[in-house]
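Structure first, commentary second.
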Amino acid sequence: MVRIVSPNSQPIFSSSSSSSSSSSLSWSTPTPMTTSTSMTETVNGSHLFNISGYSLSKGIGIGNYVASDTFTAGYYSWAIYFYPDGKKVQYDAPYVSLFIVLVSEGSDVRALFELKLLDQSGKGRHKVHTQFDSEPYTIRNRGSMW
């Protein structure tokens, strides 16, 4: 019997001879054994973006923002964008906007997050937005924000 073996040691074909004058050639197809594993891991992280000296009377213009340093959570890079005068002119009131932004390449990143604005005036007008009370938010690609 002759056996030809591929570089990964899987038989390609084998031939056998018998006492008769004819020889038979038989092809065998290796049956590969495959496995796969899916592991879902929840990764927690936090980032403190401290903005000092902010006041509604001192602005940088609607649509302009200040970005936090890039930080990593859940194997992705993120940033926080703070718009001191709001992101859009359509809202005719003094307000601020705060966004979490996917900085790294990625698609369909599901995340639960919480954004807090702490009022340091002593009036206790803190603002908290949490995604933990609902389904995870899907951020579709780099540059997407919520």
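With values rounded to the nearest 0.5 angstrom, L115 atom CG is found 11.5 Å from S97 atom OG. Atom OG of residue S68 and atom CD1 of residue I51 lie 9.0 Å apart, to the nearest 0.5 angstrom. Going from atom CG of D108 over to atom CD1 of I139 covers 10.5 Å, rounded to the nearest 0.5 Å.
S104 places a side-chain N or O within 3.5 Å of a backbone atom of S77 that can act as its donor or acceptor partner. One N or O on the side chain of W78 and one on the backbone of A73 form a donor-acceptor pair closer than 3.5 Å.
The two residues R110 and T138 have their closest heavy-atom pair at CG-OG1, 3.6 Å. Scanning both residues, V96 and P84, for their nearest heavy atoms gives CG1-O, 3.3 Å. Closest approach of L98 and K116 over heavy atoms only: CD2-O, 4.4 Å.
Using a 4.5 Å heavy-atom threshold, the side chains of I60 and D85 count as touching. You'll find the side chain of Y83 reaches within 4.5 Å of the side chain of Y65, heavy atoms only. At least one side-chain heavy atom of F71 sits under 4.5 Å from a side-chain heavy atom of I80.
Side-chain rings of F99 and Y81 stay apart, their centers remaining 6.0 Å or farther from each other.
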